[in-house]
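The model shown is predicted, which means the values in this text are computed figures rather than measured ones. Quick note on labels: first sequence line is chain A, next is B, and so on, each numbered from 1.
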2 protein chains.
Amino acid sequence: MNADKIPDIIIGRLPIYLRALQRMADSGLRTISSQELGEMVGVSAAQIRKDISQFGEFGKQGTGYSIAYLLEKLREILKVDRIWNVALVGAGDMGHALARYQGFVNRGFKVVMVFDNDQNKIGQHIGDFIIEDTANMIERIKSANIKIAMLTVPAPAAQHIADDLVEAGVKAILNYAPISLNVPKSVKVQYIDPSIHLQRMTFYV
Amino acid sequence: MNADKIPDIIIGRLPIYLRALQRMADSGLRTISSQELGEMVGVSAAQIRKDISQFGEFGKQGTGYSIAYLLEKLREILKVDRIWNVALVGAGDMGHALARYQGFVNRGFKVVMVFDNDQNKIGQHIGDFIIEDTANMIERIKSANIKIAMLTVPAPAAQHIADDLVEAGVKAILNYAPISLNVPKSVKVQYIDPSIHLQRMTFYV
DNA sequence: AGAGTATGTAAATAAATTTCACAAACGCGA
DNA sequence: TCGCGTTTGTGAAATTTATTTACATACTCT
């Protein structure tokens, strides 16, 4: 792998390719061309090839890519050839949906802890979890060596919780709170805010 | 407004600015400089000014931007100076969370219909809604003139539902199903897949 | 009126991303 | 084994996006 400096935008596309390949593998296909994969995910064939070639030569001229092999390589590159334990903070509606979501484990993730600061929720069950007190969050996350968290608390609480997560050693935050977070450069944040996504489309409607 | 061709990437940033401004307005502030707004959302001051200037001159030298006025203008530009009725398809955990989500209405959106194809769910309540049969979806959406839909069905069903939504006249789809959708160019799609977002971060951890 | 501040814009880069085009490599069938 | 059709990997070109610099202009405050 050319470990130089891969642009973020390429890393951002790889999970899309991975998802499409995973579906194809499930439906029994063995090989695929950049052309076909491109059509499936809405990207040009040249771009698919160029993106993949950043990391090695995984295809075969005349044939295309072995789906199983490319899957394996993409999982390695994205480091999802393992299961990451994830902490969930905020046990509202969205937190409940995420705690029960079946789509994590075969994509490399597993929710293992759920926190909330509401005394009425603490101790209650969500799926297999017992909701824990955010007061103990830093310690619990540290000792379990958790590096990834999902944040589904109200906006006013989000920055404070994010600070605590950083202190606990978390390196990646999936933020559902409708607010931009301020974190050190060494910590990654991805944002999910349905209103933002909808507002990105209304301009064109 | 210079209606030429505004890059997607700029349109994509405007909702972020809008969200930050809205929070500031709520906390009672009156004006803000490009510098301050930039720090808040993690963008350079020059870029904020350049983005905004695509659409007009909304600031005042020496003072900055009136928050209320810039809010009004951004809402106009993004066409969220109104309430868009939204159809929700898929009444699983995620659908329930979205149906009850309080964060839409003051951002320009309102869920007004919920569909599912599960006979056990049809007729049941979610919040204020009664779950309707997807069999009637096209007709219902057409006659209500709905242009925006959110898709929270399982991946195998998503493309088919998307086709129906397009047929019903929907122009913007917020897709929570873990699959890339194939739609005409005139229809916009935004994707939310928590596993994808997580996989975009593990590379760096 | 003067000092200080902050926008809007232009210009010039610089950086990044995407597209193009084609040699090289592979599989298949005869 | 040879020839044909296919598809990769990749330089080079083209395009898009971001950054930087610089100022004239306009506004507030004292």
Side-chain angles (χ1 to χ4, degrees), chain A residues 1-17 20-21 24 29-74 77 185 200 203, chain B residues 1-14 16-17 20-21 24 29-74 77 185 200 203-204:
Chain A
M1 178 191 320
N2 171 15
D4 288 0
K5 175 55 189 166
I6 309 291
D8 284 1
I9 195 159
I10 294 185
I11 300 301
R13 281 190 294 259
L14 298 187
I16 309 282
Y17 305 161
L21 289 166
M24 278 184 227
L29 290 169
R30 296 311 188 82
T31 64
I32 189 170
S33 67
S34 56
Q35 178 76 49
E36 294 169 305
L37 180 55
E39 279 166 15
M40 197 154 314
V41 301
V43 165
S44 77
Q47 185 159 72
I48 299 255
R49 294 203 299 278
K50 180 146 270 192
D51 286 352
I52 292 174
S53 73
Q54 302 293 310
F55 304 95
E57 307 192 0
F58 305 141
K60 265 189 192 158
Q61 283 98 331
T63 307
Y65 299 90
S66 152
I67 291 177
Y69 185 64
L70 188 52
L71 267 175
E72 182 189 326
K73 288 301 174 183
L74 287 178
I77 292 163
K185 275 219 198 74
R200 282 178 177 155
F203 178 81
Chain B
M1 177 190 322
N2 171 13
D4 288 359
K5 175 56 189 166
I6 309 290
D8 283 1
I9 197 160
I10 293 185
I11 300 301
R13 283 191 291 261
L14 298 188
I16 309 283
Y17 305 161
L21 289 167
M24 278 183 229
L29 291 170
R30 297 310 187 83
T31 65
I32 189 171
S33 67
S34 57
Q35 178 78 46
E36 294 168 304
L37 181 55
E39 279 166 15
M40 197 156 312
V41 300
V43 165
S44 77
Q47 185 158 77
I48 299 256
R49 293 205 302 276
K50 182 158 270 195
D51 285 352
I52 292 174
S53 73
Q54 302 293 309
F55 304 95
E57 307 191 1
F58 307 141
K60 264 189 193 159
Q61 284 99 330
T63 308
Y65 298 91
S66 152
I67 291 178
Y69 185 62
L70 187 52
L71 268 176
E72 181 189 326
K73 287 302 175 183
L74 287 178
I77 293 162
K185 276 220 196 74
R200 283 178 177 156
F203 177 82
Y204 302 97

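Atom C1' of nucleotide C:dT17 and atom CG of B:Asp8 are separated by 14 Å, given to the nearest angstrom. For the pair A:Phe58 CZ and C:dC26 C1', the interatomic distance rounds to 19 Å; values are reported in whole Å. The CD1-P distance, from A:Ile10 to C:dA16, rounds to 12 Å in whole Å. B:Glu57 has its CD atom 13 Å from the C1' atom of C:dA6, to the nearest Å. Rounded to an integer number of Å, the gap from CG of A:Asp51 to C1' of C:dT17 is 10 Å. In this structure, B:Lys50 atom NZ and C:dA10 atom C1' are separated by 8 Å, rounded to whole Å. Computed from coordinates, the B:Ile67 CD1 to C:dA6 P distance equals 14 Å when rounded to whole Å. Going from atom CD1 of A:Ile48 over to atom P of C:dT18 covers 11 Å, rounded to whole Å.
Bounding nucleotides for the chain A contact on DNA chain D, 5' to 3', at a heavy-atom distance below 4.0 Å, are D:dT6 to D:dA12.
Taking every heavy atom of both residues into account, B:Leu21 and B:Ile67 meet most closely at O-CG2, 3.7 Å. When every heavy atom of B:Val41 is checked against every heavy atom of B:Ala20, the shortest pair comes out as CG1-CB, 3.7 Å. Annotation for B:Ile11 and A:Arg200: closest pair CG2-O, 4.2 Å, computed over non-hydrogen atoms. Contact detail for A:Phe203 and B:Phe55: the closest heavy-atom pair is CE1-CE2, 4.3 Å.
Backbone-only contact: A:Ile9 has heavy atoms under 4.0 Å from sugar-phosphate atoms and none from a base.
Remark: A:Gln61 engages no residue in a side chain to side chain contact (heavy atoms under 4.5 Å, CB included) (not counting sequence neighbours). Evaluation of the side chain to side chain contact (heavy atoms under 4.5 Å, CB included) rule for A:Gln35 yields A:Ser33, A:Glu39, A:Ala45 as partners, not counting sequence neighbours. Remark: A:Tyr69 pairs with no residue by the side chain to side chain donor-acceptor pair (under 3.5 Å) rule, at least two apart or across chains.
The side chain of B:Gln61 approaches C:dT7 more closely than any other nucleotide in the set C:dT7, C:dC26, C:dT9.
The side-chain heavy atoms of B:Tyr204 and A:Asp8, taken from C-beta on, include a pair separated by under 4.5 Å.
At the phosphate of C:dG8, neither OP1 nor OP2 sits under 4.0 Å from any side-chain N or O atom of B:Arg49.
Every pair passing side-chain hydrogen bond (donor to acceptor under 3.5 Å, both in side chains) that includes a residue from residues 41-51 of chain A is listed here, sequence neighbours excluded: A:Arg13-A:Asp51, A:Tyr17-A:Asp51, A:Ser34-A:Arg49.
Residues of residues 36-47 of chain A having a heavy atom closer than 4.0 Å to DNA chain D: none are found.
For the pair B:Pro7 and A:Ser34, both in contact range of DNA chain D, the more 5′-proximal nearest nucleotide belongs to A:Ser34.
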